[in-house]
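Comments concern the structure below.
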There are 2 protein chains.
Amino acid sequence: MIREQEQGANALPLNNILAGDCIEIMNSLPAGSVDLIFADPPYNLQLRGDLHRPDNSKVDAVDNDWDQFSSFKAYDDFTREWMAAARRLLKPNGAIWVIGSYHNVFRMGAELQNQGFWILNDVVWRKSNPMPNFRGKRLTNAHETLIWASKQEASKYTFNYEALKALNEGVQMRSDWVLPICTGHERLKDEAGDKAHPTQKPESLLHRVLLGTTNPGDVILDPFFGTGTTGAVAKMLGREFIGIEREEAYRKVAKKRIDAVRKFDKEALQVSQSKRAEPRVAFGVLVERGLLRPGEELVSINGRHTAKVRADGSIVGRDMKGSIHQVGAHMEGAPSCNGWTYWHFKRDGQTVPIDLLRQQIRAEMREQ
Amino acid sequence: MIREQEQGANALPLNNILAGDCIEIMNSLPAGSVDLIFADPPYNLQLRGDLHRPDNSKVDAVDNDWDQFSSFKAYDDFTREWMAAARRLLKPNGAIWVIGSYHNVFRMGAELQNQGFWILNDVVWRKSNPMPNFRGKRLTNAHETLIWASKQEASKYTFNYEALKALNEGVQMRSDWVLPICTGHERLKDEAGDKAHPTQKPESLLHRVLLGTTNPGDVILDPFFGTGTTGAVAKMLGREFIGIEREEAYRKVAKKRIDAVRKFDKEALQVSQSKRAEPRVAFGVLVERGLLRPGEELVSINGRHTAKVRADGSIVGRDMKGSIHQVGAHMEGAPSCNGWTYWHFKRDGQTVPIDLLRQQIRAEMREQ
DNA sequence: CTTACCCGTGAATCAGTAA
DNA sequence: GTTACTGATTCACGGGTAA
C-alpha cells in the first residue's frame, strides 16, 4: 500500500505545484489521501465602477478574470464542484479550511453543510490595518471569515489545543484572530515591482491554521495556491504540501518563494504573535452600554461648566458640541483637554470622574 | 391615505407586541411600511434532529428522501418563508439585520442574497466575555455574526456615518464590534429567578444597530421579539417598533420591560450630522453677496495654480474656465475635485479656503 | 545614526441631486 | 430613465527621503 502510494501511478505529488484546473486535478488524485485542505477560492466580488481615495488616487481593485462569475448560480456550481472534489481527497479524519468575505462565504458555508462536512468553528480574521471605507457609506470592512470543518461529524480531527493556547499567552485561543494584512517585504512583487498577486494571505494566518489543526508530516492540499503562502508555511512547519494553480505567473513566484524557505525557521515561528496594545475605549461606548444615559449632565472638574451627553457619544456644552476632549478644551480656553479626567457625573450624591467608567470597561475587556 | 394607514384595517400596530406566528402576522401587515427589520431567529443548534419552531411545533420537511439533509431543508424552508414575508414589509429604501452563529448564519446569508437583498456589511459581534470551550476540542466560540442588507441593490439605505464615527472616538466604525454579552441587572429573570430567555441580546448591540442605521421616528420590526431588546432600545432612541412573539411568557416580560423604559430627551437624540445633510450653496452666491469680488484671484490649496472669479460664479484658470470643481479637477488632472476645499483666497495677508465663506452663508440661512 | 516627515497602498459589491 | 454636475470622503503601516 505504502509503496504504491509512494511510487505507483497514483503517488501523491508531494511538495509540488500542479498546473491546471483544480477540479480536474483533484479528481485525478487518489481518494482519502490528504489530511487538511486550505481553500482560498475567488470571492466573486461583483465590483461596479472605479473607486478613488479622498486624495483622488485610484484603488487597485481585484478585477481579475478569475474572479468573474455570471451569477450566483454559476458561483454555486463552481463551489459545489471543487468542494466535492476536495472532500473526496480527504482522509476520514481530515478537515478543511475555507476563507472568504461576505460576498461568498455564506454560500460556501451552506454548501459545506450540504455536502456533509461538519463545521467546527467559524473564525474571524480581524485585520489590524484594513482599507478604510473611503466614501463613508458603510462600515469599514475590517475582517474576513474562515470556516473550519471536518470531513464528517464522526471525524477525529486534529486540534492542538495546547499549542494554540501557548500562542495566545496561556489562555484558550478564541474564534477571532487579530492579524495584520500582508504588506512590506512579505508581500511578493513581480518584475515590474507591482504586487504579484492581488490577494496574498499573510503567513501569520496560515501559521495559526497549520499549527493548530495539523501535525508534522501531514499532507496539506491547497487547490487555489496563488503565490503559495500555504506551501511556504507548510514547509517551515515541517508539513507536506500539494499546490494547484492555473496561472503560470503565480506558480513561478510561488516556486521561487518556497525554494527560499528554510524549515523550522525560528524567526518564522514568531511572526504570528500579535501585539497587545492597551485597548482604546471610546466615550460613546459608555453610553451604548448604559453606564451613562443620553441627556445626562456632566460637570467639569472645577464645577464651573456643564454639558449634556448625546446618544452618539458626543456632548453639548453651552455654546458648543463635540467630543469630551474638544468641549472640555473649549470651556477652558485651552489648546487641549483630557475629557476623561475633566468631566464628572453624579451617582448617589457623589461626583465621580467618567474615567472610572472607562476603567470598568477595560476590566471587562481584560476578562476576555 | 394617511387616515387609512392610521385608522383602517391595515393600520400599523406601532409600539405593540403582536401574539402569534411571525410569518402569518407579517403577511397580514401592509406591504412597504417598515424602515428596518431586526431578526434574531432560532439558531437551529440541533440541525441533525427534528426542527422545531419557537413554539415547539415541528417543522415538516418537504423532502424526506435524503434523510441526512432533510433538517437543513426544513430550516431553509423556514428561513425562506419568514425572510420573504419580511422583505414584503420593507419600504423600497428599507434594510434588514439578521444575527446568527455558524449553525445558521451561512444559510441565512445565502438566502438573503437569493431573495435579492443586497448585503452591505457582515458584522462580527466579538464577545468580551464568552463562555469558554470546556472540553478543549475547539476554539472558544467567542463571536456571533450579523448581516446588514438593504432591500435591493438600488436602495438608498440609512447610514449615520458621523454618528457611528463619533461613537468610535473619531475614527470610522469597523465591521467588528467588541461588546459584552447580556448579564447582570440587564439580564431579565422570570418569577423563579432564572433567566427569562436563553439568548437575550445586549442593549448595547441594538443601540449601535439602531443609532447607525435608522432615524428617529423610523418603524422597526422584530419578528422574533423574545424579551424585547429591540423594542426597549427603539423606545429609548425615539424610534417606533413592532414586535412579534409567539410565547406568552416572553411577551409578558417584554411588555413590562418596555413600559419601564424612559425615552431619552430630544436634544440627546440629536446625533452628529454629515456635511451631506447641509443645504447646498452655489459658488455664485458668494459673488452675488459680495463676499468675493469678480476679478479676484483664487489660489489652489497647494499654491501651484491660480484662477480668477467671474461675475456669474464661474472661474477662469490658465487654459480653462468652468465651475470651481471643474477647473480644480482639470488643474490637478484628477477625475474630480471639491472646489470648496481646493480653492483659497487672500484676506489681510491670510490665505483662507472659500469653504469658510460658504459656512458664513449657511449660518445666515440657519438664523433666518 | 536618529528622528521626522512624506508617500504609497490594501479582496471594495463606496453618491446624490437637478435638469 | 438618462445625463450632467456638484462635492463628500481615509486608517494603519511600511518604506524611503530629508533634516
Side-chain angles (χ1 to χ4, degrees), chain A residues 40-64 66-69 72 99-105 125 127-145 178 180-187 189 193-195 197-202 224 226 275 277, chain B residues 93 113 117-122 149-150 153-154 156-157 159 161-162 165 168-175 273-284 313-314 322-326 328-329 334-343 354-355 358:
Chain A
D40 180 14
Y43 286 10
N44 187 23
L45 287 188
Q46 304 173 256
L47 302 179
R48 303 296 196 235
D50 288 340
L51 179 66
H52 293 86
R53 298 186 179 82
D55 67 0
N56 274 320
S57 63
K58 192 179 159 202
V59 173
D60 184 15
V62 179
D63 55 358
N64 307 65
W66 48 253
D67 198 43
Q68 309 303 320
F69 293 83
F72 281 130
I99 180 168
S101 64
Y102 67 83
H103 309 83
N104 70 324
V105 77
W125 168 26
K127 302 179 182 182
S128 57
N129 51 346
M131 186 161 71
N133 185 291
F134 295 117
R135 308 299 292 261
K137 300 307 294 180
R138 302 183 179 190
L139 302 164
T140 305
N141 197 355
H143 74 276
E144 295 189 23
T145 302
V178 181
I181 61 176
C182 182
T183 60
H185 292 301
E186 190 186 322
R187 190 81 193 218
K189 303 289 192 294
D194 299 319
K195 58 188 175 190
H197 192 283
T199 71
Q200 185 183 340
K201 295 294 175 287
F224 306 98
K275 36 191 163 182
Chain B
N93 292 330
Q113 293 178 311
F117 285 98
W118 192 246
I119 297 183
L120 300 167
N121 278 115
D122 60 335
S150 61
E153 184 177 357
K156 297 189 191 313
Y157 56 90
F159 181 56
Y161 176 74
E162 293 292 344
K165 192 171 170 178
N168 195 38
E169 197 92 313
V171 294
Q172 58 181 212
M173 185 68 79
R174 300 168 38 120
S175 58
Q273 286 290 319
S274 160
K275 267 194 197 168
R276 279 187 260 254
E278 295 278 319
R280 287 191 167 210
V281 175
F283 177 69
S314 62
S323 73
I324 50 172
H325 314 295
Q326 289 166 336
S336 70
C337 168
N338 183 345
W340 289 107
T341 51
Y342 180 76
W343 293 110
I354 58 175
D355 198 37
R358 181 170 64 162

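Numbered from 1 within each chain, the chains take letters A, B, ... in sequence-line order.
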Q. Under 4.0 angstrom, heavy atoms only, what part of the nucleic acid is N44(A) near: base, sugar-phosphate, or nothing?
A. nothing

Taken to the nearest whole Å, CZ/F224(A) to P/dA11(C) is 18 Å

Of the candidates dA12(C), dT10(D), dA11(C), the side chain of H103(A) sits closest to dA12(C)

Could you tell me if the side chain of S150(B) sits less than 4.5 Å from the side chain of N93(B), heavy atoms only? no

task: Start with the C-alpha distance between H325(B) and S323(B), add both sets of side-chain angles, then the distance that settles side-chain hydrogen bond (donor to acceptor under 3.5 Å, both in side chains), and finish with yes or no.
output: CA-CA 5 Å; H325(B) 314 295; S323(B) 73; 5.3 Å; no

Distance, C1' atom - from dG7(D) to dA11(C), rounded to whole angstrom: 28 Å

When rounded to whole Å, the CD to C1' distance for the pair Q172(B) and dA12(C) reads 12 Å

(request) Check whether any side-chain heavy atom of I181(A) sits under 4.5 Å from a side-chain heavy atom of W125(A), and report yes or no. (result) yes

Result for 5'-nearest mapping on DNA chain D, choosing between V281(B) and R174(B), is V281(B)

In whole angstroms, the gap separating P of dC13(D) from CD1 of I181(A) amounts to 10 Å

Next item on the list: Would you mind classifying the nucleic acid contact of T183(A) as base, sugar-phosphate or nothing, using non-hydrogen atoms under 4.0 angstrom?
Entry: sugar-phosphate

| request: Considering just the side-chain nitrogens and oxygens of H325(B), establish if one lies under 4.0 Å of OP1 or OP2 belonging to dT6(D). | output: no

I'd like the C1' distance from dT10(D) over to dG8(C), given in whole Å. 13 Å

From CD of E162(B) across to P of dA8(D) the rounded distance in Å is 12 Å

OG of S175(B) to NZ of K127(A), rounded to nearest 0.5 Å, is 9.0 Å

Notebook entry, point to check: Under 4.0 Å between a side-chain N/O of N141(A) and OP1 or OP2 of dT13(C), yes or no?
Noted result: yes

Ranking dT13(C), dG7(D), dT9(C) by distance to the side chain of R358(B), first place goes to dG7(D)

Rounded to whole Å, the NZ-C1' distance (K58(A) to dT9(D)) equals 18 Å

Give a yes/no answer on whether the side chain of Y157(B) brings an N or O atom under 4.0 Å of OP1 or OP2 in dT13(C).
no

(Q) Any base atoms under 4.0 Å from N338(B), or only sugar-phosphate, or nothing? Heavy atoms, all strands. (A) base

Across the strands shown, which category fits G49(A) at heavy-atom distances under 4.0 angstrom: base, sugar-phosphate, nothing? base

If you measure from the C1' atom in dC1(C) to the same atom in dG16(D), how many Å do you get, rounded? 16 Å

Just to be sure I understand the rule, does E153(B) reach a base, reach only the sugar-phosphate, or reach nothing, if contact means heavy atoms closer than 4.0 Å? nothing

Per side-chain contact (heavy atoms from CB on, under 4.5 Å), P198(A) is matched among D63(A), N64(A), D67(A) by N64(A)

Per atom distances to the K137(A) side chain, the nearest of dT9(D), dC14(C), dA12(C) is dC14(C)

Checking N1-N3 plus N6-O4 or O6-N4 for Watson-Crick, or N1-O2 and O6-N3 for wobble, each under 3.5 Å, the partner of dC14(C) is none

For dA18(D), the nucleotide meeting Watson-Crick or G-U wobble distances (both under 3.5 Å) is dT3(C)

Report task. Tell me what C182(A) touches on the nucleic acid: a base, only sugar-phosphate, or nothing, going by heavy atoms under 4.0 Å. Result -> nothing

Rounded to whole Å, NZ of K189(A) lies from P of dG8(C) at a distance of 15 Å

To the nearest 0.5 Å, atom CG of D194(A) lies from atom CG of D60(A) at 8.0 Å

Comparing R138(A) with R276(B), nearest DNA chain C nucleotide closer to 5' gives the residue R138(A)

Answer with base, sugar-phosphate or nothing: what part of the nucleic acid does P202(A) contact at a heavy-atom distance below 4.0 Å? nothing

Q: Taking the side chain as every heavy atom from C-beta outward, state whether F159(B) and L139(A) have any pair of such atoms under 4.5 Å apart.
A: yes

- Query: Would you say S274(B) reaches dT9(D)'s phosphate, i.e. side-chain N/O to OP1/OP2 under 4.0 Å?
  - Reply: yes

H197(A) vs W66(A) aromatic rings, parallel, tilted or perpendicular, using cut-offs 30° and 60°? parallel

Is there a side-chain contact between Y102(A) and the phosphate of dT13(C), meaning an N or O under 4.0 Å from OP1 or OP2?
yes

Suppose we call a contact any N or O donor and acceptor under 3.5 Å apart; does that hold for the side chain of S336(B) and the base of dA8(D)? yes

Test item: F134(A) and H52(A) side chains (from C-beta on) under 4.5 Å apart, heavy atoms: no

Residues in residues 127-136 of chain A with a heavy atom under 4.0 Å of DNA chain D, by number, are S128(A), N129(A), P130(A), P132(A), N133(A), F134(A), R135(A)

I324(B) atom CD1 is separated from dC5(D) atom C1', nearest whole Å, by 12 Å

M173(B) atom CE is separated from dT9(D) atom P, nearest whole Å, by 17 Å

Looking only at dG16(C), dT9(D), dG10(C), the nucleotide nearest the K156(B) side chain is dG16(C)

### Message
Just so I know, are the side chains of D122(B) and H143(A) near enough to count as touching, which here means a heavy-atom distance under 4.5 Å?
### Response
yes

Is there a side-chain contact between S323(B) and the phosphate of dT6(D), meaning an N or O under 4.0 Å from OP1 or OP2? yes

message: So, does H52(A) get its side chain near the phosphate of dT9(D), meaning an N or O under 4.0 Å from OP1 or OP2?
response: no

Exercise. Does the side chain of K165(B) get closer than 4.0 angstrom to OP1 or OP2 of dT10(D) through an N or O atom?
Worked result: yes

Paired to dT9(D) by Watson-Crick or G-U wobble criteria (both distances under 3.5 Å) is none

Regarding dT13(C), purine or pyrimidine glycosidic angle vs 90° from 0 gives syn

Closest non-hydrogen atoms of L120(B) and R138(A), given as atom of the first, atom of the second and distance, are O-NH1, 3.1 Å

*asked:* Regarding dA11(C), can its base be found pairing with the side chain of K195(A) as donor and acceptor, where the two atoms are less than 3.5 Å apart?
replied: no

Under 3.5 Å donor-acceptor pair, R53(A) side-chain atoms to dG10(C) base atoms: yes

Among dA12(C), dT6(D), dA11(C), the one nearest any side-chain atom of R280(B) is dT6(D)

message: Within the 4.0 Å heavy-atom criterion, would you say D194(A) contacts the bases, only the backbone, or no part of the nucleic acid?
response: nothing

NA contact type, D50(A), heavy-atom cut-off 4.0 Å: base, sugar-phosphate, or nothing?
base

